[in-house]
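First up is the structure itself, then whatever we jot down about it.
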Amino acid sequence: MTGDRVEADKELGYAHETTGGPRTEAVQAAVTGHVLTFTGTALVAVYAFDADGGELRLAETVRSPGGPYALPASYPLTGRSPVADAFRSGRPLWLGPRELAEYGPAGPGPGTPAGLSLGALPLGGDGTGLGCLVVVDEAPDGIDADRRAFLELYSHHVAAGLEASAQPGTGRPDQRSLAGATLDRLQVGAFVLELSTGRMTADTQMLQLFGIPADDFDGRVETLLASAVPDDVPALMSIVEPGRLAPGTSQLAFRIRRPNGELRWLELRCRAQAGPDRTPERMLGVVAEASYLRPTADEVAMVQRLSAALAGATTIRDVGQVVVSALRDPLRARRVAVAELQADQLVVSLLAPAEAIAWPDVWRSQWHSEFPDAPTHALPTLADAMREGHVSLWPPGADLEPGLSGIGPGGLAVLPLPASGRIVGVCLIGWEEPHEFGPEERSLLTATAGLVGQALVRAHALDAEHELATMLQRSLLPRKLPVLPGGVAVTRYLPATMGLEVGGDWYDVIPLTDGHVALVIGDVQGHSAAAATIMGQMRTAIRAYAFEGHPPDVVVSHANRLLVDMETDLFATCAYVDLDMEEGEAWLVRAGHLHPLLRRPDGVTEELTIEGGPPLGVVADADYPMTALGLSSGTLLVLFTDGLVESAQLDLDDGVRHVCERLARADPSDPGRVADELLGSAGRRDDDVALLLLRYDGMRVRPTRVRWTIWRLPDAVMHARRFAARTLRTWGLTDEMDVVLLVTSELVTNAMVHTSGEVHLNLTLTADRLRIAVSDRSPRTPIKPTSVDWEATGGRGLLLVEAVSHAWGSVPLSGGKQVWSDITLSTPREDGPAHEDGPAETGGPGP
């Protein structure tokens, strides 16, 4: 090229040499030979984005000596040119001679020979827009597909080099020091891996990176893997194994140990190519020296702390909490979300902060419970990042959909979480204030993503097994608690996190007749399916004995005898409380269980001293004494199992004392919150925890009861109706008269016709309901007919009762049953009736 030609090109704005400081001919030749040999092109150039000038400026050029073509020194970002078009679109642009000619003067400089092809590849994805890599070659048919794939992979490494040259606090390369810095120092090698045979073809530069002489390479991928640090081998295998190949580009930073003992960081980018049958046939890969990824001492310490914390995370929620603790404050991030990928859906496991108002509208619209389902259909950028599988960093003001830009208006990091060759979840980190990402932070986040992905898979497996055990346990516990007149009962159950066996803790709240309620808590020895089976049998047996109307000591004695007869090696502890909700009088029985706790209305809290017998299933003829206790309005009664107050690190007495202190400080107006505060911040538990808490309020309007013993006379039903009518007139309930008399007639008639022995009619008036109950000596439950023939003379009684009652049913009593019907009062009463509980009346001819 003549000097006149060079001067003319300079006047037109074209450059021929790499801008920057002088370099020796030997260095120039080495750089030129390496870069051009690797790319397979005649010219390679780097254009860096100049935000101040709104243009792409030529920063570096490597070309074959005497090449008769050049590139412009800059391209305006708003103009039409191959470089500007590729930069704006964010996608590689490949032009053959014909397409390139359409750009006219915007293409390569004057004197460009015919048959020239060009590729323009944007550098720095994730919205950073660092610049463009431009390659030019004399290829009349265009740059072929294999070279395109290699060049696209190569461009990612060039972008990483640009990021490493970024000025602190700006995220942009330094235009003055960039020239000659990227391509010179970028040591890149390439390989082709045949997936069917496992044979690899690697160029000289790649073998030099690994420190393997070309003559010693046997073409086996295992030879290169042998140089990798053992901790990084599983991640490398997940990329190169045919069965784990993911579509698109895969990337991985890993470490190797060279033959001389040097530890070197490399970065791999590869892409699988499919054959005619659309199955992966071979892999094209580019490996570059990545010393800029070497973490600092602070980053190493952070990764070490994160790794140690994740090792102790046994649940998916634990993993999320570890991530928030490790990243949110050190990185000064505002929001962190961790979500697991399940069947192409993101299930959010942790959000920080957890308040709905802190997240964008698209998230709040799906805030169904504690956490929303991540709306992936409204977040296409998130879905794309997860498909690509590498960390995506978005600077302040990036053009993102509102659901993502609202998470990090000052910067957003999207960390797909890889494990076992697939993406198992995602972590989002958002900044409120402007935040710039340096290469060190990218390295830290990449390392974090790998650790979290593996921890998430491990925790998911533990969660699945633990959930199975927990589901079995919960299926044996009450699904919901009854609404109690004069009190509020709440329960809590936490399964053990140390170990996956199901436990034997249980609780129950059993409504009884005459305003009584039974509170039960128990614990079967051990953690096993046998313990869970015994627990279910004990809970069912105690409930049945209580329904039969036995006193507390008899209920517990029967349960003990039943467990002894089972001939099992397991025993169970139990505490049983029979509480009169009207009077506040309680009878407590304890079978080897912990003493209950009591918080009086004045805040005084104590551990009750309750007489007790041995655990259930130990001594067949054991005695279980009863202890009386009086409750006043506002009292809290707490029953619990030993998992709440005892562990390998906590002595039983100290645990009881701590729970008493928390109970004394609690606000009794919210029993649910009190229960949560008693549980404390129990993290890892080596035993189950069952908690039953009752706040006794007393009844605002105490029930009024009367009882009538019905004689077996021909006109017994008439006398029962007269008794009911007289009682309702006394109570001032004339509006309900017809319904009550109808129900009384039907229930008494059924008892007289279908049973023998004594029959009793009970009327109970509460604040808003009237209960009609008829008890007899037959244990047989009445059956409502499914259909009644029109010519039948009976069978409609229970159908009528069901039609006019708010609710009706039958409960077993000792030696019989009671059939009851509730009638809703048209006007709820505020005060008691004219007189309190009347004496039981004996049936006979009445007025």
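A donor-acceptor pair under 3.5 Å links the side-chain atoms of Asp203 to the main chain of Ala190, judged by distance alone. The main-chain N or O of Ile143 is found under 3.5 Å from a side-chain atom of Arg148 such that the two form a donor-acceptor pair.
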**Message:** Run the side chain to side chain contact (heavy atoms under 4.5 Å, CB included) test on Trp265 and Arg255 for me, step by step, so that the C-alpha distance in whole Å, both residues' side-chain angles and the decisive distance to 0.1 Å come before the verdict.
**Reply:** CA-CA 5 Å; Trp265 279 82; Arg255 297 159 296 171; 3.6 Å; yes
**Request:** Please report the C-alpha distance between Thr61 and Leu43 in whole Å, then the side-chain angles of each, then the deciding distance to 0.1 Å, and finally whether the side chain to side chain contact (heavy atoms under 4.5 Å, CB included) criterion is met.
**Result:** CA-CA 7 Å; Thr61 306; Leu43 181 147; 4.1 Å; yes
**Asked** Between Thr381 and Trp394, is a side chain to side chain contact (heavy atoms under 4.5 Å, CB included) present by the stated rule, with each step listed?
**Response** CA-CA 11 Å; Thr381 304; Trp394 299 90; 3.7 Å; yes
**Prompt:** After noting the C-alpha distance and the side-chain angles of Ile429 and Leu445, does the key distance pass the side chain to side chain contact (heavy atoms under 4.5 Å, CB included) rule?
**Reply:** CA-CA 10 Å; Ile429 306 173; Leu445 295 178; 4.0 Å; yes
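Minimum interatomic distance between Phe191 and Val286 (heavy atoms only, all atoms of both residues): CE2-N, 4.1 Å. Considering all non-hydrogen atoms of both residues, Leu153 and Arg269 come closest at CD1-O, 3.7 Å. The two residues Gly425 and Leu456 come nearest to each other via the heavy atoms CA-CD2, 4.2 Å. Across every non-hydrogen atom of Ala86 and Ala120, the tightest pair is CB-O, 3.5 Å. Between Ala337 and Trp359, the shortest heavy-atom contact is CB-CH2, 3.7 Å. When all heavy atoms of Pro409 and Gly406 are compared, the pair lying nearest together is CD-O, 3.8 Å.
At least one side-chain heavy atom of Glu152 sits under 4.5 Å from a side-chain heavy atom of Trp94. Within the 4.5 Å cutoff, the side chain of Asp85 has heavy atoms near those of the Arg80 side chain. Leu121 places none of its side-chain heavy atoms less than 4.5 Å from the side chain of Tyr154. Put simply, the side chain of Glu432 reaches to within 4.5 Å of the side chain of Arg335, judged on heavy atoms. Using a 4.5 Å heavy-atom cutoff, the side chains of Phe87 and Leu130 are not in contact. Using a 4.5 Å heavy-atom threshold, the side chains of Cys427 and Val452 count as separate. The side-chain heavy atoms of Leu118 and Val134, taken from C-beta on, include a pair separated by under 4.5 Å. Proximity of Val192 to Asp146: side-chain heavy atoms (C-beta onward) are nowhere separated by under 4.5 Å.
Atom CZ of Arg258 sits about 7.5 Å away from atom CG of Leu209, to the nearest 0.5 Å. In this structure, the separation between CD on Glu267 and CD on Glu289 is 10.5 Å, given to the nearest 0.5 Å. Taken from CE in Met283 to CD in Gln273, the straight-line distance is 10.5 Å, to the nearest 0.5 Å. Taking SG of Cys270 as the start and CZ of Phe150 as the end, the distance is 11.0 Å to the nearest 0.5 Å. Leu123 contributes atom CG, which lies 6.0 Å from atom SG of Cys132 (distance to the nearest 0.5 angstrom). Rounded to the nearest 0.5 Å, atoms CG (Leu266) and CG (Leu224) are 10.0 Å apart.
In Arg91, the CZ atom is not crowded: 12 or fewer heavy atoms of neighbouring residues, nucleotides or ligands sit closer than 6.0 Å.
Listed by chain and residue number, Arg220 satisfy the salt bridge (charged side-chain N to carboxylate O under 4.0 Å, His left out) test with Glu222 (two or more places apart in sequence, or in another chain). For Arg332, there are no salt bridge (charged side-chain N to carboxylate O under 4.0 Å, His left out) partners, not counting sequence neighbours.
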